[in-house]
Structures are given as structure tokens and as C-alpha cells.
Amino acid sequence: MNPRRPRRAALALALALVLGSVLAACGGSGAATPSAAPGALLVVTTTTILADLVRQVGGDRVSVESLVPKGGEVHTFDPTPSDVRRIAGADVIFLNGLGLDDWLADLVADAGTRAPVVRLAEQLEGVDYLAGGVEGAEGVNPHLWLNVAYATKYAERIAGSLAAADPDHAADYEAGYTAYAQVLGDLDAKARSTLGAIPEASRTVIAFHDAFPYFAAAYGLTIDGTIVDAPGQDPSAAQVSGLIRLVKEKGIRAIFAEAQFSEDLVRTIADETGATVVSDLYTDSTGDAPQDTYASMMTWNIEQVAKALTGR
């Protein structure tokens, strides 16, 4: 039995109720058009990170909503009836893909939308895809955006998709992408310069979960272990003991924690080993201001990692 069937059935019922109430409010004349800025595309994304990338490229030509709220967990997100309604009214829909947010497929099917659905991480040219599927499954690791150069490829695909949906303003989206690509290029250079200056022997870390392979590969870090196979799956006592032993044997300097997850397990290992906890790293969601954009959260990540690995 497909484990998503109960959720899909519930969403289908919710959609019927939602659309029924809309039709009633409109006197039965048809579905209401969702409100948006005059002339702007209504865009729905799965995460706040993707929403920010769309805003940076689209500017005032887009009105963007993220299904998963700030600080939410994309791996385990459970959509609500209001999410079905937002999908039904969207002009363009963006998700990451590669298994990270494939729950959106059921939502799109239930909403019956004709909006294009764009999988930003899939089949990108020039990407060295790394192994490590969602929730410990075999497959491709989906966290491409933590390599800033790959996030730039997301932005390029976003610009093309917005232009296809709104060709009258294609030049605006191209200009938005060009300006943002410069910002991201500078950020990528900052990451390479800052982290590349750290002695190679000090660039080995433990991560909370398998979110950092692209970040590590791009900026010269080595990830020697992860604490959990997937968010919500606690390690056994034997696994924790093994990680403690590994940190001590290899002299690992830092353990990556993440803003949206509890630090309890991370602190346990750090207390036993003396490793530094790199707190409040942002992976799947933006944070509160000033870490409320992709560029600002990545700047924060780079600075916190450098501080932990250099001791300064």
C-alpha cells in the first residue's frame, strides 16, 4: 500500500471543501482568482530558501509564498488544506526535487493546477551530483544549494521559468538574474577564500545530518560522520559512542548543528570530546533577520564555520 494514499485522500477531501466554499462565496459562477500584486506572477515554492531565490530574481514582478514556513522541516512537512488552495491558484510552482520535497506531487495532483512545476535541482548542467538520498535511502543528495555556485544555477533556471510564464517581462527576469548572479558570485568567492585559508588538517567536521556534502566539496571540508541518518531518526547508543570515538581519534575540531533541529545530541558528543559546536547553521530554511535571505544565511554559515575551525 502506498503510505501517501491516506494523506492524499485527506487532501482531496479538503480541496473539495475549500473549492466548495469558494464557489458558494462567488455565487457558483466559478473559482475565485487569488489576490496578488497587480500584474505579478503568483509563485509558490516548497521552502523559504527557494522563495528568496525567486524574489531576488523576480523582484516586484512576483508574489511568492513558501509552503514550508521559516524554521519548518521540509523532510517531514505535512500539507494543510490552505496549502492545497495556494497551489490551486499558483502561476508557477518551484520545488527542489531529488526526493527532498516530492510530497508536493500529491498536492499538485489534488489541486488540479495547470501551473508549470519546476524541479530546480534536477538535470542541471555542470553539477557533480553526490550520493546520499533523503532519509538514508539510496539516491542523490538533494542539498545542492549549499554550494553557492549551484544556487546560481537554480537562479538561472528560475529566471527562465518566470520568463516562460510571463514573456512580456522576460527582460526584467534576465536583468534580475544577472544582478543576483553577481551577488552570488561574490559570495562564492568569499566562501572559497575564507574557508580555503584554514589549514587542511583543521577542516574535518561531523555534521548533524547529511546536508553538507556539496558545501564541503565546494569549499574544501571533509565530513567524517553524521549524527543522524535523517531528521527525526535518533542514533543508537552504539552509534553515538562510535562518533565520540571517531572525534577523539581524528581530532575533529567541529560538529555542525542546524538551526531547525535540537542541539541535545550534538552537545552530548561535544561534551565528551571537547569539539566545538557550530551552532545555528542554516540548511533547509532561512532564519530570522538578518539571516532571512539565502545570501545572508550563507554568509552566516561561512563565518560560523571559519570561526569554529580556526578558534578565532
Side-chain angles (χ1 to χ4, degrees), residues 4 6-74 77-97 100-122 154-155 157-170 172-173 176-177 284-286 292-294:
R4 291 191 177 273
R7 174 189 286 182
R8 184 166 183 176
L11 286 173
L13 176 60
L15 177 62
L17 294 173
V18 168
L19 292 182
S21 65
V22 171
L23 287 172
C26 295
S29 60
T33 300
S35 60
L41 287 177
L42 181 59
V43 179
V44 173
T45 69
T46 49
T47 72
T48 54
I49 291 171
L50 302 185
D52 182 64
L53 296 181
V54 173
R55 290 189 191 99
Q56 300 300 329
V57 172
D60 61 6
R61 299 305 317 162
V62 296
S63 175
V64 192
E65 296 182 351
S66 171
L67 296 175
V68 182
K70 178 183 63 180
E73 180 39 57
V74 64
F77 181 69
D78 195 15
T80 67
S82 64
D83 296 323
V84 180
R85 180 167 52 191
R86 287 194 281 179
I87 286 291
D91 294 312
V92 187
I93 301 164
F94 291 103
L95 73 160
N96 187 76
L100 182 76
D101 42 15
D102 283 355
W103 45 262
L104 183 66
D106 285 349
L107 210 60
V108 168
D110 291 332
T113 180
R114 295 184 179 180
V117 178
V118 183
R119 295 174 175 266
L120 290 171
E122 298 182 4
Y154 280 30
R157 180 168 283 182
I158 287 168
S161 300
L162 295 177
D166 181 21
D168 289 345
H169 297 96
D172 294 328
Y173 302 125
Y177 164 71
D284 300 335
S285 170
T286 56
D292 55 350
T293 68
Y294 171 76

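Numbering starts at 1 and runs along the sequence shown.
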> When you compare the side chain of W103 with that of V74, does any pair of heavy atoms fall below 4.5 Å?
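When only atoms from C-beta onward are counted, W103 and V74 do touch, with a gap below 4.5 Å.
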> Ignoring hydrogens and geometry, is there a side-chain-to-backbone donor-acceptor pair from D91 to L41 under 3.5 Å?
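No.
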> Name every donor-acceptor pair, under 3.5 Å, that has one atom in a side chain of residues 160-169 and the other anywhere in the protein, sequence neighbours excluded.
unit_1	atom_1	unit_2	atom_2	d
S161	OG	R157	O	3.0
D166	OD1	H169	ND1	3.2
D166	OD2	H169	ND1	3.0
D166	OD2	Y173	OH	2.6

> With a 4.5 Å cut-off on side-chain heavy atoms, are T286 and T293 touching?
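Sidechains of T286 and T293: no contact.
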> Decide yes or no on side-chain contact (heavy atoms from CB on, under 4.5 Å) for N96 and T47, but give the supporting numbers first.
CA-CA 8 Å; N96 187 76; T47 72; over 6 Å; no
> Could you measure the distance from the CG atom of L95 to the CG atom of L100? Nearest 0.5 Å is fine.
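The CG atom of L100 is 8.5 Å from CG of L95, to the nearest 0.5 Å.
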> Minimum heavy-atom separation for F94 to L50, with atom names?
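The answer is O-CD1, 4.2 Å.
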> Shortest non-hydrogen contact from S285 to P69?
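Nearest heavy atoms, S285 then P69: OG-O, 4.2 Å.
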> Decide side-chain contact (heavy atoms from CB on, under 4.5 Å) for V84 and L107; before the verdict, give the C-alpha distance in whole Å, the side-chain angles of both, and the deciding distance to 0.1 Å.
CA-CA 6 Å; V84 180; L107 210 60; 3.6 Å; yes
> Is there a side-chain contact (heavy atoms from CB on, under 4.5 Å) between D101 and L67 once you walk through the steps?
CA-CA 11 Å; D101 42 15; L67 296 175; over 6 Å; no
> Report the distance from atom CD of E65 to atom CD1 of I87, rounding to the nearest 0.5 Å.
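Rounded to the nearest 0.5 Å, the CD-CD1 separation comes to 9.5 Å.
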> When rounded to the nearest 0.5 angstrom, what distance separates OG1 in T45 from CG in L120?
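Here the interatomic distance stands at 9.0 Å.
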> Given V54, which of I49, V43, V44 fulfils the side chain to side chain contact (heavy atoms under 4.5 Å, CB included) condition?
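Option passing the side chain to side chain contact (heavy atoms under 4.5 Å, CB included) with V54: V43.
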> Quick one: pull up CG in D284 and CZ in F77 and give me the separation to the nearest 0.5 Å.
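Reported to 0.5 Å precision, the distance equals 13.5 Å.
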> Would you compute the distance between atom CG of L104 and atom CG of D83 and round it to the nearest 0.5 angstrom?
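Result: 9.5 Å between the selected atoms.
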> With rounding to the nearest 0.5 angstrom, report the CZ to OG1 distance, R119 to T46.
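The OG1 atom of T46 is 10.0 Å from CZ of R119, to the nearest 0.5 Å.
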> According to salt bridge (Lys or Arg N to Asp or Glu O under 4.0 Å), who are the partners of D172, at least two apart in sequence or on a separate chain?
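Partners of D172 under the salt bridge (Lys or Arg N to Asp or Glu O under 4.0 Å) test: none.
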